[in-house]
2 protein chains.
Amino acid sequence: MREGPDIARIASLVGDPARANMLNALMGGTALTASELALEAGVSLPTASSHLSKLMEGGLLTLASQGRHRYYGLAGPQVAGMIEAITGVAEAVGPRRVRPGPRDGAMRVARVCYDHLAGEQAVAMLDRLVDKNILVRDDKEIRLGPSAASHFAAIGIDVYTKPRRPVCRACLDWSVRRSHLAGTLGAAILDKILAEKWARREKDSRAVVFSPPGKQAFERVFLA
Amino acid sequence: MREGPDIARIASLVGDPARANMLNALMGGTALTASELALEAGVSLPTASSHLSKLMEGGLLTLASQGRHRYYGLAGPQVAGMIEAITGVAEAVGPRRVRPGPRDGAMRVARVCYDHLAGEQAVAMLDRLVDKNILVRDDKEIRLGPSAASHFAAIGIDVYTKPRRPVCRACLDWSVRRSHLAGTLGAAILDKILAEKWARREKDSRAVVFSPPGKQAFERVFLA
DNA sequence: GGGATGCTTCGATGAGGATCAAACCATGCG
DNA sequence: CGCATGGTTTGATCCTCATCGAAGCATCCC
């Protein structure tokens, strides 16, 4: 009989299909309402509500009330990281896909991870930024390089705006198994990609699809 | 209703207290028999057996039969990483400890993580090895530096013995939140620490306790 | 106010699963 | 072979928890 943090409690919260679907949906990064999550999980509204209060009590979600809407979101990057870790194992031990569907492929290339970009594109981007010494890798920690402020300012991103969260963070990519960029900078870059309409979010999915010109623009700015 | 890897299935396996205790026990790295795990989890033998077959079917465990003993062990580092991630969240959201017990402290300083050393000591060790350019950090990847082979040979560790698994791997430390060294080299170092009796494993715990002279020896070899 | 919408609470139902005792296999030992 | 030890299987019991309909709050709009 062991002691320590109650991992069974946390895992069992994720262990219900309805709740797992909700959490998966929230991995998209945008906070959702109870009805949206009910739809997403395929359960009735009362059921969803019950699940949500359990996830809240477990500390996995945050709640923002706005008028009669109540927006549920993931409690933080650590929770997102845990979900990704579980996803990785499920992917590894799960029944082999007969054939990876097209959506799977799109997910591998680029997807939203909580509030930033993940997938092959994101990993390539971080690699390039480190190569160019704009960012500096130092353990899991990623720091801004000397030219970072001016470089990002040139493309309209202010790296000093939101001091609350770390600017750079590494996040392990479950499909590529290497790190991509998280933190406020990662979030800002994703914002820019979507704002510039270089890419759009696939409906009802975490996949991010670049338009041909958008892909060129992205590569010019981040992979050149 | 979403698709993708079945994370609820995996999480629900970890979500039962008895199974969580077993997995926790196996995080110590040594494979255990069904009866040991039953004791560890505080359930009867039949119950434990049932849980174990579920964990096996879920792909979370490996089994090695030796005579009438059957040794269960974690399926691999990825599973161990997932457990650590869940532990991190449980730690973060869990009820605040009134006062961290002495064992908690020991766990923070040094503990076994699957098959290698984790905790403050382990993180410090990796930092120092990278500082001295014996190992080279490159993303999450850690590679051997030019002088690695000779350096480790001098202390009786052959870095080329087991080609099956990667020699070096980074593993995120849930207490320190920074990486420590895993892989066959990490395992070999832990082996050496225990073989030289620099430290012993705390009974029924993942904690690793250094003796005063052992600590000096460790620091001389790895932190100098 | 009155009605509509979004969400939660209550209550009843039902199914899945955790549990253990007893019986059943398998291996090792003398 | 006969017995002890380590493990699994079976069967029965019990309880938690997911589920949804109906009713209850809260907020917004007209």
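Letters A, B, ... are given to chains in the order of the sequence lines, protein chains preceding strands, and every chain is numbered from 1.
Between the C1' atom of D/dG6 and the CG atom of B/Leu52 lies a distance of 13 Å, rounded to the nearest Å. The interatomic distance linking B/Met56 (CE) with D/dT8 (P) rounds to 10 Å, in whole Å. Between B/Lys54 atom NZ and C/dG17 atom P there is a gap of 7 Å when expressed in whole angstrom units. Atom pair B/Leu39:CG and D/dT5:P shows a separation of 17 Å (rounding to whole Å applied). Going from atom NE2 of A/His69 over to atom P of D/dC29 covers 9 Å, rounded to whole Å. Taking atom CG of residue B/Leu32 and atom C1' of nucleotide D/dG7, one finds them 15 Å apart after rounding to whole Å. Rounded to whole Å, atom C1' of D/dG7 lies 16 Å from atom CG of B/Leu55. The nearest whole Å value for the distance from the CG atom in B/Leu45 to the P atom in D/dT9 is 12 Å.
Along DNA chain C, the nucleotide nearest A/Ser49 and the nucleotide nearest B/Thr47 are compared for position; the residue whose nucleotide lies closer to the 5' end is A/Ser49.
Out of C/dA18, D/dT8, C/dT9, the shortest distance to the side chain of B/Ala34 is found at D/dT8. Closest contact between the side chain of A/Pro46 and the listed nucleotides D/dT8, C/dT19, C/dT8 involves C/dT8. In the set D/dA18, C/dA18, D/dT19, the nucleotide with an atom closest to the side chain of A/Val43 is D/dT19. Of the candidate nucleotides D/dT19, D/dG6, C/dT19, D/dG6 has the atom nearest to the side chain of B/Ser35. Nearest to the side-chain atoms of B/Ser44 among the listed nucleotides C/dT19, C/dC20, D/dT19 stands C/dC20.
Looking at heavy-atom distances under 4.0 Å, B/Tyr72 makes contact with sugar-phosphate atoms alone, never a base. Backbone-only contact: B/Thr33 has heavy atoms under 4.0 Å from sugar-phosphate atoms and none from a base.
Distance CE/A/Met56 to NE2/A/His51: 16.0 Å, rounded to 0.5 Å. Summarising the geometry, atom OG1 belonging to A/Thr87 is positioned 6.0 Å from atom CG belonging to A/Asn24; distances are rounded to the nearest 0.5 Å. A distance of 8.0 Å separates CG in A/Leu185 from CG in A/Leu129, rounded to the nearest 0.5 Å.
Residue A/Arg70 places no side-chain N or O under 4.0 Å from the OP1 or OP2 atom of D/dA26.
A/Ile7 pairs in a side chain to side chain contact (heavy atoms under 4.5 Å, CB included) with only one of the listed residues (B/Leu23, B/Ile86, B/Val89), which is B/Ile86. Under the side chain to side chain contact (heavy atoms under 4.5 Å, CB included) rule, B/Leu60 has a single partner from B/Ile10, B/Leu74, B/Leu26, which is B/Ile10.
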